[in-house]
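Down below is the structure, laid out as structure tokens.
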There are 2 protein chains.
Amino acid sequence: MKKQSTIKDIAKRLNISISTVSRALKNAPDVSNETKNAVMSVAEELHYQPNRLAVSFRVKQTNTIGVIVPNLDYVLSTMVKGIDEVALEAGYTVMVCQSNESFGREVLNTSRMLQSLVDGLIISVSSETKTFDHIKKFVERDLPIVAFDRIVPEIIAPNVILDNEYAGYLATEHLIEQGYKNIAILAGPKNLGISNARMDGYLKAHKENNLKVDQKNIIHCDFNQDYAYFATKELLKSKNRPDAIFTISDRMAIGAMIAIKERGLKMPTDIGLIGFNNEPMLSLLTPTISSIEQPMFEIGKMAAKIFIERLHSEDNSNVTTEILKPRLIIRESSKRKMI
Amino acid sequence: MKKQSTIKDIAKRLNISISTVSRALKNAPDVSNETKNAVMSVAEELHYQPNRLAVSFRVKQTNTIGVIVPNLDYVLSTMVKGIDEVALEAGYTVMVCQSNESFGREVLNTSRMLQSLVDGLIISVSSETKTFDHIKKFVERDLPIVAFDRIVPEIIAPNVILDNEYAGYLATEHLIEQGYKNIAILAGPKNLGISNARMDGYLKAHKENNLKVDQKNIIHCDFNQDYAYFATKELLKSKNRPDAIFTISDRMAIGAMIAIKERGLKMPTDIGLIGFNNEPMLSLLTPTISSIEQPMFEIGKMAAKIFIERLHSEDNSNVTTEILKPRLIIRESSKRKMI
DNA sequence: TACGTAACCGGTAACGCTACCGGTAATTCC
DNA sequence: GGAATTACCGGTAGCGTTACCGGTTACGTA
């Protein structure tokens with residue numbers, strides 16, 4: 001381990017005090033330009049790199065922001081890229097950790113980060129997360145938190161999320177408008193907020209169109225292709241089989257698609273299908289699959305923006321929820337009306 | 001900012017010295033069990049959390065390992081998950097940064113990390129990276145480095161990579177074995193190691209089978225669906241059009257597929273196609289597309305394993321290159337021989 | 001001439017923790 | 001019974017940096 005040069009070295013070299021060097025380095029007003037220049041050039045010469053650890057320790061600020069996500073799939077990794085974008089811009093380093101959808105892992109990550117490693121947290125909670133004590137610890141320490149994608153109780157932290165209800169509404173409304181009348185929804189786990197909100201939109205669209213909802217058309221299953229496959233298979237067996245399916249993720253849509261094809265049904269004529277997230281592959285399948293697109297990058301940027309605002313403001317009592325709008329992407333799988 | 005309790009608080013509470021508390025907390029042998037228990041319980045009571053920043057500063061070790069990747073696509077994010085896995089296991093925190101394939105961003109990230117934030121670096125360099133001074137700085141400071149996925153000159157750091165030449169060989173050999181004779185390759189940028197290695201395998205397979213390579217069948221283009229699409233379109237126009245295409249990424253395979261379909265050619269009869277990475281969507285396309293699978297998770301784990309070994313060993317002069325084997329996944333797009 | 005005021009700069013403490021040295025009391029050994 | 005060993009524990013320095021409080025010099029101003 002070669003010795004890193006410090007401000008002390010610079011001071012010794014110039015026969016000035018370390019405090020002057022420190023001030024010169026940060027361009028303080030009470031240092032003459034002459035000494036500033038001298039310091040700068042010696043710093044250059046010695047390849048001086050400030051020891052961020054020492055600084056952070058001293059000023060109790062790390063200038064890094066912790067990001068915890070359940071995984072790094074298409075959606076989340078794009079959101080993280082958004083966070084990265086504005087964080088870097090603002091001079092912060094981002095520390096990304098994955099919880100792997102595990103509550104324990106999430107708690108571990110938060111507690112490690114809490115040990116003075118980060119100035120705050122931007123988090124998308126795992127699907128297992130039901131309690132929020134680990135997050136409250138940040139609040140108690142007055143460290144800003146913002147939640148994104150997956151919601152967290154508002155008392156605890158501001159949220160940046162998609163308008164999931166509207167998204168569900170949009171998808172369902174589109175199917176109804178295309179003449180589908182017996183629409184099933186492959187929802188996520190029963191108590192997952194993100195899933196329920198999308199289902200609310202589904203219900204709302206039915207109500208507005210005076211269609212009644214068959215409870216058998218509401219399927220709760222895991223966010224997962226295989227589950228969706230089996231669920232769809234079951235659905236299609238029933239005598240009053242649905243004529244359209246709305247899945248709350250594209251992966252689930254794929255599972256549904258496979259079951260539909262196996263059954264020999266044609267999309268969109270026999271049955272309609274619409275997914276969620278608009279992953280790029282959807283336009284490559286036959287038929288191409290409709291989906292709901294969310295502004296992932298913007299959600300990430302917004303989360304980081306709010307985070308940094310809170311970091312710089314004294315009063316963080318106002319906890320807001322930022323809701324971004326989705327967009328409906330119509331493709332072959334759900335478009336049976338010709339214009 | 002509520003005051004965090006420190007070992008000083010614990011010491012005061014028990015009327016013992018801070019050094020004893022420090023030792024008790026880390027279960028040192030020269031502290032009686034009695035005081036250890038007392039310390040532990042008071043620590044619990046005060047919600048004591050060690051200040052990792054102070055510790056890291058003091059012992060000049062952060063216990064975090066920096067990871068820099070060009071992006072977080074399917075392949076890289078799985079590799080990162082592998083790194084995460086063994087790092088967490090070994091008690092390290094992982095700090096992931098994206099360079100967005102930008103050299104400038106990569107340098108920025110490395111230099112920030114170098115400011116005593118990490119104990120070393122696991123990196124997959126950006127495609128723009130041609131010089132390695134920013135990485136050498138780690139070496140100069142005796143901080144371990146390991147490169148993965150994208151290779152780095154061996155003098156600088158050990159590598160963990162796929163056997164790209166063998167992968168290229170495997171794909172090409174398979175196409176030849178299926179009776180294709182005029183095989184094109186959509187390679188990456190001209191000076192990208194990863195791409196050239198795969199091309200070497202392509203050449204080797206030809207040589208071994210006494211097929212000569214038509215230079216017009218070697219196309220260099222960006223790692224990108226659109227480029228691949230246009231390149232393929234051109235290829236298919238030529239009078240002696242290829243009867244098979246090997247692309248060095250799945251995204252490129254998709255681009256090629258679209259061009260092939262547009263041209264009205266059937267896979268695998270008219271033309272064969274094989275991609276690279278085995279992204280999950282390939283099995284959903286019609287036809288399903290063959291590909292080369294790399295052990296992503298294992299590469300990540302291996303990189304982290306080697307990294308940690310180097311962290312703990314004194315002598316890091318032996319710089320190795322770990323080469324993992326790919327696997328050929330045969331699907332419809334390239335299988336025209338019935339058995 | 002005396003004094004106020006900039007303009008600079010230096011000294012020191014402190015952040016929380018650990019490493020090291022040294023000390024005391026109790027126990028063991030010949 | 002004296003020396004050596006063991007089992008604990010305390011004091012202190014210091015990691016690199018910044019914040020704070022002073023101090024010195026030079027220059028105006030009355």
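So that the names make sense, note that chain A is the first sequence line, chain B the second, and so on, each numbered from 1.
Rounded to whole Å, atom P of D:dT17 lies 17 Å from atom CD of A:Q61. For the pair B:K60 NZ and C:dA19 P, the computed distance is 13 Å after rounding to whole Å. Whole-Å rounding puts the B:L25 CG to D:dC9 P distance at 14 Å. Between the CG atom of B:N63 and the C1' atom of C:dC17 there is a distance of 15 Å, given to the nearest Å.
Stacking between A:F57 and C:dC15 is present: the aromatic ring centre lies within less than 5.5 angstrom of the base six-membered ring centre, and the two planes differ by under 30 degrees.
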Q: Verify salt bridge (Lys or Arg N to Asp or Glu O under 4.0 Å) between B:E101 and B:R150, making sure each step is shown before the conclusion.
A: CA-CA 12 Å; B:E101 300 281 10; B:R150 318 269 184 95; 2.9 Å; yes

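Sorted pairs that involve residues 73-85 of chain A and meet side-chain hydrogen bond (donor to acceptor under 3.5 Å, both in side chains), not counting sequence neighbours, are lacking altogether.
Residues that satisfy the ring pair (Phe, Tyr, Trp, His ring centres under 6.0 Å) test with A:F297, not counting sequence neighbours, are absent from this structure. B:S126 pairs by the side chain to side chain donor-acceptor pair (under 3.5 Å) definition with B:T129, not counting sequence neighbours. Remark: A:S116 pairs with A:R141, B:N51, B:L53 by the side-chain contact (heavy atoms from CB on, under 4.5 Å) rule, at least two apart or across chains. Scanning for salt bridge (charged side-chain N to carboxylate O under 4.0 Å, His left out) contacts around B:R310 gives an empty result, with sequence neighbours left out. Shown here are the ring pair (Phe, Tyr, Trp, His ring centres under 6.0 Å) partners of B:F57, two or more places apart in sequence or in another chain: A:F57. Partners of A:K36 according to the side chain to side chain donor-acceptor pair (under 3.5 Å) rule, which considers only residues two or more places apart in sequence or in another chain, are A:N27.
Here the OG1-CG distance, from A:T320 to A:N318, works out to 6.5 Å after rounding to the nearest 0.5 Å.
Across all non-hydrogen atoms, the minimal contact from A:A147 to A:V152 is CB-CB, 3.9 Å.
A:T6 comes within 4.0 angstrom of the backbone, heavy atoms only, and of no base.
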Distances under 3.5 Å only, N/O to N/O: pair up the protein atoms with those of nucleotides 25-27 of chain C.
none

Got a list of protein N/O to nucleotides 6-14 of chain C N/O distances below 3.5 Å?
| from | atom 1 | to | atom 2 | distance (Å) |
| --- | --- | --- | --- | --- |
| C:dC9 | OP1 | A:S32 | OG | 3.4 |
| C:dC9 | OP2 | A:S32 | N | 2.9 |
| C:dC9 | OP2 | A:T35 | OG1 | 3.0 |
| C:dC9 | N4 | A:R23 | NH1 | 3.4 |
| C:dG10 | OP1 | A:S17 | N | 3.4 |
| C:dG10 | OP2 | A:S17 | N | 2.8 |
| C:dG10 | OP2 | A:S17 | OG | 2.9 |
| C:dG10 | OP2 | A:T20 | OG1 | 2.4 |
| C:dG10 | N7 | A:R23 | NH2 | 2.9 |
| C:dG10 | O6 | A:R23 | NH1 | 3.2 |
| C:dG11 | N7 | A:S19 | OG | 3.1 |
| C:dG11 | O6 | A:S19 | OG | 3.2 |

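Listed in residue order, the members of residues 39-55 of chain A having a heavy atom less than 4.0 Å from DNA chain D are A:Y48, A:P50, A:N51, A:A54, A:V55. Using a 4.0 Å cut-off on heavy atoms, none of the residues of residues 109-120 of chain B approach DNA chain D.
B:D9 places a side-chain N or O within 3.5 Å of a backbone atom of B:T6 that can act as its donor or acceptor partner.
For C:dA19, one of the phosphate oxygens OP1 or OP2 lies less than 4.0 angstrom from a side-chain nitrogen or oxygen of B:K26.
A:T93 and A:R52 form a side-chain donor-acceptor contact under 3.5 Å, judged by distance and modelled atom types alone.
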Identify each donor-acceptor pair in which a side-chain atom of residues 62-70 of chain A lies under 3.5 Å from a protein atom, sequence neighbours left out, and give them as a table.
| from | atom 1 | to | atom 2 | distance (Å) |
| --- | --- | --- | --- | --- |
| A:T62 | OG1 | A:T64 | N | 3.3 |
| A:T62 | OG1 | A:T64 | OG1 | 3.3 |
| A:T62 | OG1 | A:L117 | O | 3.1 |
| A:T62 | OG1 | A:D119 | N | 3.4 |
| A:T62 | OG1 | A:D119 | OD1 | 3.0 |
| A:T64 | OG1 | A:L117 | O | 3.0 |

